[in-house]
Asker: 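I have a structure I would like to understand better, so I am pasting it below and will then ask my questions one at a time.
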Amino acid sequence: MSAQSVHARSVPSGRVAYVDGRYLPHAGASVHVEDRGLQFADSIYEVCAVLQARLMDEEGHLDRLERSLASLDMRMPLARPALKLVMREMIRRNRMRDGLLYLQVTRGAHRRDHPIPRDHRSTLIMTARAINMAAVEKRRAEGIAIVTLPDIRWGRCDIKVTGLLANVMAKTEARKRGAFEAWLVDRDQLITEGTSTNAWIVTGQGVLVTRKLSHNILAGVTRLGVLAALAREGFNAIEERVFTVEEAYGAREAFVTSASGGVIPVVSIDGRIIGDGSPGPATKRIHALYSQFADAAAQS
């Protein structure tokens with residue numbers, strides 16, 4: 001069997017991708033061989049959840065996309081209204097009910113050279129795929145295991161670049177150890193965030209703790225939604241601050257947030273049971289509040 005036929009079998013039929021104004025069969029979509037996103041990871045991305053054919057936290061994702069692009073002196077490939085139209089057309093063409101919409105903006109194709117070119121024409125890429133909601137809900141019902149690993153990423157984790165090799169290596173090591181996710185730990189033994197999630201704990205006193213935004217972590221859109229949902233509820237026992245691995249071990253509850261999973265409970269860290277080893281009441285309540293908040297925003 002040829003490599004080409006193996007690749008064709010690995011790509012689900014019927015999927016549609018978008019590349020610079022063209023809707024293309026997923027298997028045949030491509031960019032220029034000297035695209036800077038390919039050669040230098042000179043690109044930004046976003047992942048938006050789609051639930052019941054509706055984009056979740058859309059404005060938050062587009063706000064962060066614009067911030068990330070501005071941080072790298074890159075231009076938006078389309079005005080926001082036009083970009084929204086393409087996003088909805090991708091959902092329609094892929095007949096997607098529950099899934100993930102992936103957007104990537106690169107600095108485009110240029111002769112390979114390290115200095116950033118003065119002028120560029122951004123490349124816009126979108127793909128869409130379904131997600132197994134039964135598997136997501138199983139993780140939510142049972143909780144997940146976490147391991148801690150050294151944070152070896154670059155110093156601007158607040159910019160959502162596609163250079164994710166350190167994240168990928170940590171996620172892979174977590175899976176090898178039988179965990180679903182890794183929480184990354186800096187030189188001071190402080191937890192920064194997960195490889196693709198934000199990290200939260202509930203202390204023994206019932207205080208919700210998550211790391212304050214800085215260059216060290218990504219400003220998670222779901223994280224922002226959770227804080228907004230809690231503020232609307234009048235819940236103010238929240239501390240945005242650093243916390244240690246040892247503090248996490250002793251937490252009453254812990255959970256992660258992400259666009260792909262919403263709020264997912266953590267029931268063990270490095271093999272140490274959190275709470276009673278099952279998803280706790282605070283985490284369940286926070287998930288319910290966030291879901292109501294995000295669903296209302298998606299319908300507005």
Asker: Using modelled atom types and a 3.5 Å cut-off, is there a donor and acceptor pairing between side-chain atoms of Thr123 and backbone atoms of Thr106?
Answerer: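 Judged by distance alone, no pair lies under 3.5 Å.
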
Asker: Can you measure from CG (Asp42) to CE (Met74) and round to the nearest 0.5 angstrom?
Answerer: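 Interatomic distance, Asp42 CG to Met74 CE, rounded to 0.5 Å: 5.5 Å.
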
Asker: For a 4.5 angstrom cut-off between non-hydrogen side-chain atoms, does Ser68 reach Ile159?
Answerer: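 Touching, per the 4.5 Å side-chain cut-off.
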
Asker: Nearest 0.5 Å please: distance from the CG atom of Leu72 over to the OG atom of Ser43.
Answerer: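 It comes to 9.0 Å.
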
Asker: Got Val50 and Met90 here, is their nearest side-chain heavy-atom distance under 4.5 Å?
Answerer: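 They are not in contact (no side-chain heavy atoms under 4.5 Å apart), so the answer is no.
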
Asker: Do Arg223 and Trp200 have side-chain heavy atoms sitting under 4.5 Å apart?
Answerer: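 They are in contact (side-chain heavy atoms under 4.5 Å apart), so the answer is yes.
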
Asker: I'd like to check Tyr45 versus Leu164 (side-chain heavy atoms, cut-off strictly below 4.5 Å). Are they in contact?
Answerer: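 When only atoms from C-beta onward are counted, Leu164 and Tyr45 do touch, with a gap below 4.5 Å.
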
Asker: Should we count CE of Met133 as having more than 12 external heavy atoms under 6.0 Å?
Answerer: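 Above 12, so yes.
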
Asker: Look at the side-chain heavy atoms of Ile, Leu, Val, Met, Phe, Trp and Tyr, link any pair under 4.5 Å apart, and say whether Ile264 and Phe180 land in one connected group.
Answerer: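 They do share one cluster, since a chain of ILVMFWY contacts under 4.5 Å joins Ile264 to Phe180.
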
Asker: Evaluate the ring planes of Phe40 and His114, with Trp represented by its six-membered ring, and classify them as parallel (under 30°), tilted (30 to 60°) or perpendicular (over 60°).
Answerer: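 Geometry flag for His114 against Phe40: perpendicular rings.
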
Asker: Hey, is the main chain of Ala282 close enough, under 3.5 Å, to the side chain of Glu253 for a donor-acceptor pair?
Answerer: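 Side chain of Glu253 to backbone of Ala282: a pair is present.
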
Asker: Around Asp73, counting heavy atoms of other residues, nucleotides and ligands shown, do more than 12 lie under 6.0 Å from its CG?
Answerer: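 Count not over threshold, so no.
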
Asker: So, for Gly262 and Thr222, which heavy atoms are closest and what is the spacing to 0.1 Å?
Answerer: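 In terms of heavy atoms, the two residues are closest at O-CG2, 4.0 Å.
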
Asker: Using the rule given for side-chain contact (heavy atoms from CB on, under 4.5 Å), can you reason through Phe235 versus Ile286, listing the C-alpha separation, both sets of side-chain angles and the distance that settles it, and then say yes or no?
Answerer: CA-CA 10 Å; Phe235 182 86; Ile286 290 166; 6.0 Å; no

Asker: To check you understand the geometry: which heavy-atom pair defines the closest contact between Asp20 and Tyr18, and what is its length?
Answerer: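 Residues Asp20 and Tyr18, closest heavy atoms: N-CE2, 3.9 Å.
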
Asker: Any side-chain heavy-atom pair from Glu142 and Pro279 closer than 4.5 angstrom?
Answerer: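 No, side chains not in contact.
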
Asker: Can you find a side-chain donor-acceptor pair between Asp270 and Thr148 that sits under 3.5 Å?
Answerer: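 Result is yes, a qualifying pair exists.
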
Asker: One thing to verify: whether Glu247 and Arg241 come together as a salt bridge, which I'm taking to mean a side-chain N less than 4.0 angstrom from a carboxylate O.
Answerer: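 Answer for the salt bridge query: yes.
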
Asker: Do Ser196 and Ser258 have side-chain N/O donor and acceptor atoms under 3.5 Å apart?
Answerer: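 The criterion, which ignores hydrogens and geometry beyond distance, is not satisfied for Ser258 and Ser196.
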
Asker: Sub-3.5 Å donor-acceptor pair from the side chain of Asp188 to the main-chain atoms of Leu190, do we have one?
Answerer: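 No, the answer is negative, given that no donor and acceptor are paired below the 3.5 Å cut-off.
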
Asker: Treating Ile, Leu, Val, Met, Phe, Trp and Tyr as nodes and any side-chain heavy-atom pair under 4.5 angstrom as an edge, say whether Val209 and Ile191 lie in one connected cluster.
Answerer: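 Same cluster.
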
Asker: Quick check on the hydrophobic clustering: are Leu78 and Ile44 connected, directly or via other members, by side-chain heavy-atom contacts under 4.5 Å?
Answerer: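 Yes, Leu78 connects to Ile44 through the hydrophobic network.
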
Asker: Is there a side-chain contact between Met126 and Leu83 in this structure, where contact means two heavy atoms from C-beta onward sitting under 4.5 Å apart?
Answerer: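 Side chain of Met126 against side chain of Leu83, heavy atoms only: contact under 4.5 Å found.
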
Asker: Is the closest basic N to carboxylate O distance between Glu240 and Arg211 below 4.0 Å?
Answerer: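 Salt bridge absent between Glu240 and Arg211.
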
Asker: Would you say the side chain of Ser260 lies within less than 4.5 Å of the side chain of Val47, judging by non-hydrogen atoms?
Answerer: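 No, their side chains stay 4.5 Å or more apart.
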
Asker: Indicate yes or no for a side-chain donor-acceptor contact from Glu181 to the backbone of Gly194 under 3.5 Å, with no hydrogens or angles considered.
Answerer: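 Side chain of Glu181 to backbone of Gly194, a donor-acceptor pair under 3.5 Å: no, none is there.
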
Asker: Say you draw a straight line from CE of Met169 to CG of Leu149; how long is it, rounded to the nearest 0.5 Å?
Answerer: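 It is 10.0 Å, given to the nearest 0.5 Å.
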
Asker: Among Arg177, Arg175, Lys176, which one satisfies side-chain hydrogen bond (donor to acceptor under 3.5 Å, both in side chains) with Glu173?
Answerer: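 Checked Arg177, Arg175, Lys176 against Glu173; only one passes side-chain hydrogen bond (donor to acceptor under 3.5 Å, both in side chains): Arg177.
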
Asker: Please report the interatomic distance OG1(Thr283) to CD1(Ile201), rounded to the nearest 0.5 Å.
Answerer: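 Here the interatomic distance stands at 11.0 Å.
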
Asker: Mark yes or no: Arg93 above the aromatic ring of Tyr23, with NZ or CZ under 6.0 Å from the six-membered ring centre and no more than 45 degrees from the axis.
Answerer: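 Geometry flag: set, cation within 6.0 Å and 45°.
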
Asker: Taking all atoms of both residues into account, what is the closest heavy-atom pair of Ala254 and Ile274, and its distance?
Answerer: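 Residues Ala254 and Ile274, closest heavy atoms: N-CG2, 4.0 Å.
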
Asker: Check whether any side-chain heavy atom of Val226 lies under 4.5 Å from a side-chain heavy atom of Asn198, and answer yes or no.
Answerer: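 The answer is no; the side chains never approach within 4.5 Å.
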
Asker: When you measure from the side chain of Asp158 to the backbone N and O of Leu218, does any donor-acceptor pair fall under 3.5 Å?
Answerer: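 Answer holds: no.
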
Asker: Counting distance only, does the side-chain N/O of Thr210 pair as donor-acceptor with the main-chain N or O of Ala199 below 3.5 Å?
Answerer: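 Side chain of Thr210 to backbone of Ala199, a donor-acceptor pair under 3.5 Å: yes, one is there.
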
Asker: Is there a side-chain contact (heavy atoms from CB on, under 4.5 Å) between Arg88 and Leu55? Walk through the geometry before answering.
Answerer: CA-CA 8 Å; Arg88 282 158 177 73; Leu55 283 159; 3.7 Å; yes

Asker: Which pair of non-hydrogen atoms, one from Arg36 and one from Pro115, has the smallest distance, and what is that distance?
Answerer: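 Closest heavy-atom pair between Arg36 and Pro115: NH1-O, 3.7 Å.
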
Asker: Please tell me whether Val86 and Met76 are part of a single hydrophobic cluster in this structure, the criterion being side-chain heavy atoms less than 4.5 Å apart.
Answerer: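 Yes, because Val86 and Met76 connect within a single hydrophobic cluster, where side-chain heavy atoms sit under 4.5 Å apart.
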
Asker: Would you say Thr195's side chain and Ala182's backbone share a donor-acceptor pair under 3.5 angstrom?
Answerer: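 Looks like no, no N/O pair under 3.5 Å.
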
Asker: Could you measure the distance from the NZ atom of Lys171 to the OG1 atom of Thr197? Nearest 0.5 Å is fine.
Answerer: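 Rounded to the nearest 0.5 Å, the NZ-OG1 separation comes to 6.0 Å.
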
Asker: Arg15 side chain to Asn94 main-chain N or O, any donor-acceptor pair under 3.5 Å?
Answerer: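 Not confirmed, Arg15 side chain does not pair with Asn94 backbone.
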
Asker: For the pair Lys160 and Glu46, find out whether any cationic side-chain nitrogen is under 4.0 Å from an anionic carboxylate oxygen.
Answerer: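 A salt bridge is absent here (no side-chain N lies under 4.0 Å from a carboxylate O).
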
Asker: Measure across Val266 and Ser268 and return the closest heavy-atom pair with its distance rounded to 0.1 Å.
Answerer: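 The answer is CG1-O, 3.5 Å.
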
Asker: With side-chain contact (heavy atoms from CB on, under 4.5 Å) as the criterion, how do Arg156 and Val161 come out once you've worked through the C-alpha distance, each side chain's angles and the decisive distance to 0.1 Å?
Answerer: CA-CA 9 Å; Arg156 289 302 306 272; Val161 295; over 6 Å; no

Asker: Would you compute the distance between atom CG of Leu289 and atom CZ of Arg232 and round it to the nearest 0.5 angstrom?
Answerer: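 Answer rounded to 0.5 Å: 8.0 Å.
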
Asker: Does the distance from a Lys or Arg side-chain N to an Asp or Glu carboxylate O, for Arg80 and Asp63, drop under 4.0 Å?
Answerer: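 Yes, charged N to carboxylate O under 4.0 Å.
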
Asker: Shortest non-hydrogen contact from Val33 to Leu38?
Answerer: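 In this case the closest contact between Val33 and Leu38 is O-CD2, 3.4 Å.
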
Asker: Can you tell me if Arg153 uses its side chain to pair, donor with acceptor, with the backbone of Asn216 under 3.5 Å?
Answerer: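 Side chain of Arg153 to backbone of Asn216: a pair is present.
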
Asker: Assess whether atom CZ of Arg129 is packed by more than 12 heavy atoms of other residues, nucleotides or ligands within 6.0 Å.
Answerer: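 Check fails, neighbour count at 12 or below.
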
Asker: Kindly assign one of parallel, tilted or perpendicular to the pair Trp183 and Phe243, based on the angle between their ring planes and the thresholds 30° and 60°.
Answerer: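 Perpendicular: the ring planes of Trp183 and Phe243 meet at over 60°.
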
Asker: Give a yes or no answer on whether the side chain of His120 reaches the backbone of Ser122 with a donor-acceptor pair at less than 3.5 Å.
Answerer: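 Judged by distance alone, no pair lies under 3.5 Å.
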
Asker: Might you work through the side-chain contact (heavy atoms from CB on, under 4.5 Å) test for Val31 and Gln104, ending with a clear yes or no?
Answerer: CA-CA 12 Å; Val31 297; Gln104 183 174 341; over 6 Å; no

Asker: Is Leu101 reachable from Ile125 through a run of I, L, V, M, F, W or Y residues, each pair having side-chain heavy atoms under 4.5 Å apart?
Answerer: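 The answer is no; the residues belong to distinct hydrophobic clusters.
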
